[in-house]
Amino acid sequence: VQLQASGGGLVSAGDSLRLSCAASGSALSPNAVGWYRQAPGKQRVLVAIIGSGGGINYADSVKGRFTISRDNVKNTVYLQMNSLKPEDTAVYYCNVKLVVYEGGRYVTTDYWGQGTQVTVSS
């Protein structure tokens, strides 16, 4: 699976951005897909995720501002980010947890996009 993330940029506080992550090589659905971010000097953390069953979870820090969605026809996952804050500045990575059945068991493998920089100025 190859993931190509795009849509990052430099914006001002209060602005919006939409990140896209296009997948090739395998269908995203019905696997879990999500967005993570990593700020300088910090660990990568979960921002939003669509589970394999369709349930959606967000980090508390982005609830009410960010929306994750998936287009199964385009094989793309999106992250709509509104009311951006300087603390949202980070490199954003898309992720898919690909599940395959092999050797008599289910095996989950994480695939990552290359990351897209989001910078929010105050």
Side-chain angles (χ1 to χ4, degrees):
V1 180
Q2 292 186 336
L3 302 175
Q4 182 67 44
S6 61
L10 171 63
V11 297
S12 300
D15 286 351
S16 299
L17 279 175
R18 188 176 81 154
L19 305 183
S20 299
C21 179
S24 60
S26 181
L28 289 176
S29 179
N31 304 284
V33 293
W35 288 94
Y36 294 71
R37 68 186 182 188
Q38 187 168 17
K42 296 187 177 180
Q43 291 187 328
R44 190 175 300 185
V45 297
L46 176 68
V47 175
I49 188 168
I50 302 176
S52 57
I56 295 176
N57 286 293
Y58 296 96
D60 288 343
S61 59
V62 306
K63 282 181 181 177
R65 300 188 298 122
F66 290 11
T67 303
I68 188 172
S69 61
R70 176 170 60 192
D71 186 328
N72 292 335
V73 174
K74 295 182 178 180
N75 211 27
T76 299
V77 60
Y78 303 97
L79 185 68
Q80 178 66 44
M81 305 185 295
N82 298 329
S83 302
L84 282 161
K85 303 175 180 180
E87 51 264 43
D88 294 319
T89 295
V91 178
Y92 285 71
Y93 297 90
C94 55
N95 167 272
V96 59
K97 299 185 183 300
L98 188 65
V99 180
V100 297
Y101 187 76
E102 62 182 34
R105 63 191 182 99
Y106 288 97
V107 178
T108 300
T109 303
D110 279 294
Y111 291 90
W112 295 91
Q114 84 283 11
T116 184
Q117 176 72 47
V118 172
T119 303
V120 185
S121 62
S122 57

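Looking at Ser20, its side chain never comes within 3.5 Å of a backbone N or O of Ser6 through a donor-acceptor pair. Remark: the backbone N or O of Gly25 is not paired with any side-chain donor or acceptor of Gln2 at under 3.5 angstrom. A donor-acceptor contact shorter than 3.5 Å is absent between the side chain of Thr119 and the backbone of Leu10. Under a 3.5 Å cut-off, the side chain of Asn72 and the backbone N or O of Asn75 do not form any donor-acceptor pair. Between the side chain of Glu102 and the main chain of Tyr106, no donor-acceptor pair closer than 3.5 Å is present.
The shortest distance between side-chain heavy atoms of Cys21 and Gln4 does not fall below 4.5 Å. Two residues are said to be in side-chain contact when any heavy atoms from C-beta on lie closer than 4.5 Å; Tyr58 and Thr67 meet this criterion. Val118 has its side chain within reach of Val120: a pair of non-hydrogen atoms, C-beta onward, lies under 4.5 Å apart. Inter-residue side-chain proximity for Ile49 and Ile56 is flagged as unmet; no heavy-atom pair is nearer than 4.5 Å. Phe66 is listed as a side-chain neighbour of Leu79, based on a closest heavy-atom distance under 4.5 Å. Looking at Leu84 and Leu17, their side chains come closer than 4.5 Å, going by heavy atoms from C-beta outward. Residues Leu3 and Leu28 have side chains in contact (heavy-atom distance under 4.5 Å, counting atoms from C-beta outward). You'll find the side chain of Arg44 reaches within 4.5 Å of the side chain of Tyr93, heavy atoms only.
Closest non-hydrogen pair, Ala13 versus Ser122, comes out as CB-CA, 4.4 Å. Of all heavy-atom pairs between Ser16 and Ser83, the closest is OG-N, 4.2 Å. Closest approach of Ser69 to Val77, counting heavy atoms only: O-CG2, 3.1 Å. Considering all non-hydrogen atoms of both residues, Leu98 and Val1 come closest at CD2-CG2, 3.6 Å.
Pairs of residues two or more places apart, or lying in two chains, that qualify as side chain to side chain donor-acceptor pair (under 3.5 Å) and include a residue from residues 26-37 are Arg37-Ser61, Arg37-Asp88, Arg37-Tyr92.
Hydrophobic clustering (side-chain heavy atoms under 4.5 Å, transitive across Ile, Leu, Val, Met, Phe, Trp, Tyr) groups Val99 together with Tyr101. Note on Trp112: it clusters hydrophobically with Leu46, by side-chain heavy-atom contacts below 4.5 Å among ILVMFWY residues.
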Hey, mind stepping through Lys97 and Thr109 against side-chain contact (heavy atoms from CB on, under 4.5 Å) and telling me if it holds?
-> CA-CA 6 Å; Lys97 299 185 183 300; Thr109 303; over 6 Å; no
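Relative to the ring axis of Tyr78, Arg18 places its NZ or CZ within 45° and under 6.0 Å from the centre.
Counted by atom type alone, Asp71 and Thr76 present zero donor-acceptor pairs between their side chains at under 3.5 Å.
Evaluated for a side-chain contact (heavy atoms from CB on, under 4.5 Å) with Val47, the options Ile68, Val62, Leu19 yield exactly one hit, Val62.
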